[in-house]
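Working notes, structure below.
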Amino acid sequence: MAEVLMFHHVLGRTKGIEAIADRLRDAGHIVHVPDLFDGRIFSTLEEGLEFVKGIGFGEVSARGVQVANELPNDIVYAGFSLGVPAAQQLAQTREGARGALFFHACLPPSVFDSEWPKNVPVQIHAMTEDPFFVEDGDIDAARELVESTNNAELFLYEGNEHLFTESCLPSYDDDATKLVIKRVINFLDEC
């Protein structure tokens, strides 16, 4: 059994995020899903981005780090898109991380002024033609991370959707999400 701190994407703590957390809970894992938006949920990426610009991207990550300070160190950090920076910062810099799961985004390890910890396994999940993941350089960061450690895996799924795991959006891909969940549960069972 693993304990997971999962950070939501730019739409907020949606039913889709909760559904993924529930699937991991059903597999026997403890999953915390803090609401970094104080109850706000958005129906489009544009609305969510407008809100985040108002409070600041750094503030969103800071809220995630603050939540982590209330939990044990030996947990798995997970982030969906906007939630990846906080998850990656914690997994990379907070002593005791058991693992990391990044969905739809990845940053270069150098962003946090340290190398990826050699004993912290990580999985990265995204679509092959997701414009945010590919054009914003996340795919290059993911490949850099995978090359820097033996404990990293990059899983690319066919398609061009960004939040393909979000069941509340038309971009949802049920088959790809089932495979993501299967891989994540296997990962957590090993952590």
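Residue pairs meeting the salt bridge (Lys or Arg N to Asp or Glu O under 4.0 Å) criterion with at least one partner in residues 62-75, sequence neighbours excluded, are Asp38-Arg63, Glu59-Arg63. The side chain to side chain donor-acceptor pair (under 3.5 Å) pairs that include a residue from residues 46-55 are Ser43-Glu47, where partners are two or more places apart or lie in different chains. Sorted by first and then second residue, the salt bridge (Lys or Arg N to Asp or Glu O under 4.0 Å) pairs with a member in residues 132-149 form an empty list; sequence neighbours excluded. Sorted by first and then second residue, the ring pair (Phe, Tyr, Trp, His ring centres under 6.0 Å) pairs with a member in residues 5-34 read His8-Phe37; sequence neighbours excluded. Among residue pairs with one or both ends in residues 13-24, those qualifying as salt bridge (Lys or Arg N to Asp or Glu O under 4.0 Å) are Arg13-Glu18, Glu18-Arg25, Asp22-Arg25; sequence neighbours excluded. Screening residues 92-107 for salt bridge (Lys or Arg N to Asp or Glu O under 4.0 Å) gives no qualifying pairs among residues at least two apart or on separate chains.
When all heavy atoms of Ala91 and Gly99 are compared, the pair lying nearest together is CB-O, 4.4 Å. For the pair Gly79 and Val84, the tightest heavy-atom approach, listed with the atom from each and the gap, is O-CG2, 3.2 Å. Closest of all the heavy-atom pairs between Pro72 and Tyr77 is O-OH, 4.4 Å. The minimum heavy-atom distance between Pro85 and Leu82, with the atom names listed, is CD-O, 3.1 Å. Taking each heavy atom of Ile124 and Cys106 in turn, the nearest pair found is CD1-SG, 4.1 Å.
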side-chain contact (heavy atoms from CB on, under 4.5 Å) for Ile55 and Val60? Distances and angles first, verdict last. CA-CA 8 Å; Ile55 64 171; Val60 175; 3.7 Å; yes

Evaluate the side-chain contact (heavy atoms from CB on, under 4.5 Å) criterion for residues Asp173 and Glu161: first the C-alpha distance (whole Å), next the side-chain angles of each, then the deciding distance (0.1 Å), finally the verdict. CA-CA 9 Å; Asp173 185 318; Glu161 299 297 341; over 6 Å; no

Worked verdict on Val10 versus Phe42 for side-chain contact (heavy atoms from CB on, under 4.5 Å): CA-CA 8 Å; Val10 73; Phe42 303 97; over 6 Å; no

Determine, step by step, whether Ser167 and Thr177 satisfy the side-chain contact (heavy atoms from CB on, under 4.5 Å) criterion, reporting the C-alpha distance in whole Å, the side-chain angles of both residues, the deciding distance to 0.1 Å, and the verdict. CA-CA 9 Å; Ser167 60; Thr177 300; over 6 Å; no

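Applying the ring pair (Phe, Tyr, Trp, His ring centres under 6.0 Å) rule to His162 yields the partners His104, Phe132; only residues at least two apart in sequence or on another chain are considered. In terms of the salt bridge (Lys or Arg N to Asp or Glu O under 4.0 Å) criterion, residue partners of Lys178 (sequence neighbours excluded) are, by chain and number, Asp174. For Thr93, there are no side-chain hydrogen bond (donor to acceptor under 3.5 Å, both in side chains) partners, not counting sequence neighbours. Here Thr14 pairs with Glu166 under the side-chain hydrogen bond (donor to acceptor under 3.5 Å, both in side chains) rule; sequence neighbours left out.
Summarising the hydrophobic clusters (Ile, Leu, Val, Met, Phe, Trp, Tyr; side-chain heavy atoms under 4.5 Å, direct or chained), the residues clustered with Val76 are Val4, Met6, Ile17, Ile20, Leu24, Val31, Val33, Phe80, Leu101, Phe103, Met127, Phe155, Tyr157, Phe164, Leu179, Val180, Ile181, Val184, Ile185, Phe187, Leu188. The hydrophobic cluster around Val111 extends to Leu107, Phe112, counting ILVMFWY residues whose side-chain heavy atoms fall within less than 4.5 Å of a member.
The CZ atom of Phe51 sits 12.5 Å away from atom CG of Leu11, with the distance rounded to the nearest 0.5 Å. Summarising the geometry, atom CH2 belonging to Trp116 is positioned 8.5 Å from atom OG1 belonging to Thr149; distances are rounded to the nearest 0.5 Å. Taking CG from Leu5 and CG from Leu71, the interatomic distance works out to 5.5 Å, rounded to the nearest 0.5 Å. Interatomic distance, Glu129 CD to Asn160 CG, rounded to the nearest 0.5 Å: 6.0 Å. Between atom CZ of residue Phe102 and atom CD of residue Gln123 there is a gap of 11.0 Å, rounded to the nearest 0.5 Å. Within the model, atoms CE of Met1 and CG of Asp189 stand 11.5 Å from one another, a figure rounded to the nearest 0.5 Å.
At least one side-chain heavy atom of Ile139 sits under 4.5 Å from a side-chain heavy atom of Leu156. Residues Glu190 and Pro121 have side chains not in contact (no heavy-atom distance under 4.5 Å, counting atoms from C-beta outward). At a threshold of 4.5 Å between non-hydrogen side-chain atoms, the residues Leu163 and Leu45 count as touching. Contact annotation: the side chain of Val122 never approaches that of Val120 to less than 4.5 Å [non-hydrogen atoms, C-beta and beyond].
Counting non-hydrogen atoms of other residues, nucleotides and ligands closer than 6.0 Å to CG of Asn150 gives a total of 12 or fewer.
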